[in-house]
Enquirer: 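Here it is: the structure, laid out below.
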Amino acid sequence: MSFLKVLFNSNSSRFSKVLKLQYNRNYRVDGAHIEIYGLDLSRLAGVNPGERNFHVFYELLQGTNSEERRKYELHSVGKYNCLRGGENMNLTDRKNFDRLKLAFIFLEFDTLEINSIFSILSAILLIGNLQCEESSAQKEIILLVAKLLLVDQQSIFSVLGTSEPRKFFKGSLKKEKVQLKFIHLKINR
């Protein structure tokens, strides 16, 4: 689960959760199940002043070493549109990232799975910087996202709704919808 900071709560969840209790024939609780059914997509597009986006983004940026930063194509907080304007790093980001990595190891995630998760997070940050303008910087973002998601560049444009890069750069799109499509592309591979 990922949390973020909003003005009145420094550790706010943007998931919608329902706890379902299961009862046996004797009307005793036999089990429970939490269903997560939503995610505040507006967070992927930006953050309000004084707030933070999902903590995991800041933890990734603060907690990675120089080799990991190169591998995941990471930059400073100010380089990402979806993190700009809000509160930046805090003192626990590095420590929390170390805890996250330990949790992955404890849960027996292998190195490939951990690398994939961090690559997806980095790709999400980069996707937030996409603009519908043709420039070398925009083409570089698409190349980096394709590299991080282990897909070809044509797949990226297909997710953007066109097989021709020029059509994307001349059109307009809703960032949140495109970001979700990228997430589904990676998960469904």
Side-chain angles (χ1 to χ4, degrees), residues 1-48 50-64 68 72 74 77 80 82-83 86-87 89-128 145 148-151 155-156 158-161 173-189:
M1 183 175 308
S2 187
F3 295 92
L4 49 95
K5 180 184 178 198
V6 294
L7 287 176
F8 299 108
N9 184 350
S10 64
N11 210 22
S12 174
S13 170
R14 290 296 177 139
F15 290 99
S16 301
K17 298 173 275 194
V18 172
L19 174 64
K20 290 185 176 181
L21 296 176
Q22 300 160 340
Y23 296 93
N24 63 20
R25 290 182 181 164
N26 298 322
Y27 302 102
R28 295 195 183 260
V29 175
D30 195 35
H33 177 74
I34 296 176
E35 282 191 32
I36 300 172
Y37 63 89
L39 176 64
D40 184 358
L41 299 179
S42 67
R43 287 301 193 193
L44 296 176
V47 62
N48 294 322
E51 297 182 351
R52 279 172 47 118
N53 209 313
F54 294 102
H55 293 321
V56 71
F57 292 138
Y58 302 93
E59 293 164 3
L60 179 70
L61 295 174
Q62 184 69 19
T64 49
E68 292 168 322
Y72 304 123
L74 297 171
V77 171
Y80 299 104
C82 67
L83 304 180
E87 185 178 302
M89 308 292 186
N90 69 37
L91 299 175
T92 61
D93 288 335
R94 183 181 305 270
K95 183 170 61 171
N96 288 341
F97 187 73
D98 290 339
R99 287 179 181 164
L100 176 63
K101 291 198 298 192
L102 285 174
F104 285 148
I105 292 166
F106 179 78
L107 295 170
E108 298 181 1
F109 282 62
D110 64 35
T111 304
L112 181 62
E113 291 169 320
I114 296 169
N115 286 339
S116 293
I117 291 167
F118 296 150
S119 291
I120 291 169
L121 290 171
S122 179
I124 291 169
L125 289 170
L126 286 168
I127 290 165
V145 169
L148 288 163
L149 297 180
L150 302 175
V151 298
S155 296
I156 302 297
S158 176
V159 168
L160 293 171
L173 60 127
K174 285 191 173 185
K175 233 183 234 187
E176 294 151 339
K177 189 174 184 179
V178 170
Q179 289 166 334
L180 261 189
K181 283 185 175 184
F182 275 106
I183 294 166
H184 287 279
L185 169 73
K186 183 61 181 175
I187 291 170
N188 293 325
R189 280 191 62 238

Enquirer: Would you confirm whether Y58, through its side chain, and V77, through its main-chain N or O, come within 3.5 Å as a donor-acceptor pair?
Expert: no
Enquirer: Would you compute the distance between atom CG of D110 and atom OG of S116 and round it to the nearest 0.5 angstrom?
Expert: 8.5 Å
Enquirer: Which residues satisfy the ring-ring contact (aromatic ring centres under 6.0 Å, His included) test with Y80, sequence neighbours excluded?
Expert: none
Enquirer: Under 3.5 Å, sequence neighbours excluded: what are the donor-acceptor pairs made by side chains of residues 22-29?
Expert:
from: N24; atom 1: OD1; to: N26; atom 2: N; distance (Å): 2.8
from: N24; atom 1: OD1; to: Y27; atom 2: N; distance (Å): 3.2
from: N24; atom 1: OD1; to: R28; atom 2: N; distance (Å): 3.0

Enquirer: Under 3.5 Å, which donor-acceptor pairs link side chains of residues 94-109 to any protein atom two or more places apart or in another chain?
Expert:
from: R94; atom 1: NH1; to: Q62; atom 2: O; distance (Å): 3.4
from: R94; atom 1: NH2; to: Q62; atom 2: O; distance (Å): 3.4
from: N96; atom 1: ND2; to: T92; atom 2: O; distance (Å): 3.3
from: K101; atom 1: NZ; to: E68; atom 2: OE2; distance (Å): 3.2

Enquirer: Over all heavy atoms of both residues, which pair between L60 and T64 is shortest? Give the atoms and the distance, please.
Expert: O-OG1, 2.9 Å
Enquirer: Could you give the distance from CG (L61) to CG (D93), rounded to the nearest 0.5 Å?
Expert: 9.0 Å
Enquirer: Output side-chain donor-acceptor pairs under 3.5 Å for residues 117-127, partner residues at least two apart or in another chain, one line each.
Expert:
from: S119; atom 1: OG; to: N115; atom 2: O; distance (Å): 2.9
from: S122; atom 1: OG; to: Y72; atom 2: O; distance (Å): 2.4

